[in-house]
Amino acid sequence: MRPLDVLLRLAVATKPQYQTDLYEAHRHWSLLRYLGLFDAGSDGQLCLSSAGRRIVGS
């Protein structure tokens with residue numbers, strides 16, 4: 001047995017047991033975290049929302 005096979009079987013055997021509702025929120029987090037960041041501009045182009053413009057980069 002190859003080390004890769006051992007790691008794959010270990011990952012499958014120890015996968016976390018998510019609650020269905022928690023898993024759905026986790027799965028869509030990448031979309032939800034930026035939901036209020038963008039807005040449609042007056043010309044229909046994608047632009048930053050007012051909340052997005054208030055974020056200061058470090």
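Everything numeric here is computed off the predicted structure, so don't read it as measured data.
Taking both residues in full, the closest heavy atoms of Cys47 and Ala40 are given as SG-C, 4.1 Å, listed atom of the first, atom of the second, then distance. Scanning all heavy atoms of the two residues, the minimum distance from Gly36 to Ser49 falls at O-OG, 2.6 Å.
In terms of hydrophobic clustering, with Ile, Leu, Val, Met, Phe, Trp and Tyr side chains grouped at heavy-atom distances under 4.5 Å, Phe38 and Ile55 are assigned to a common cluster.
For Arg53, the side-chain contact (heavy atoms from CB on, under 4.5 Å) partners two or more places apart in sequence, or in a different chain, are Leu48, Ser50. In this structure, the side-chain contact (heavy atoms from CB on, under 4.5 Å) partners of Asp5, at least two apart in sequence or on a different chain, are Met1, Arg2.
If you chain together ILVMFWY residues whose side-chain heavy atoms come under 4.5 Å of each other, Leu4 ends up in a group of its own.
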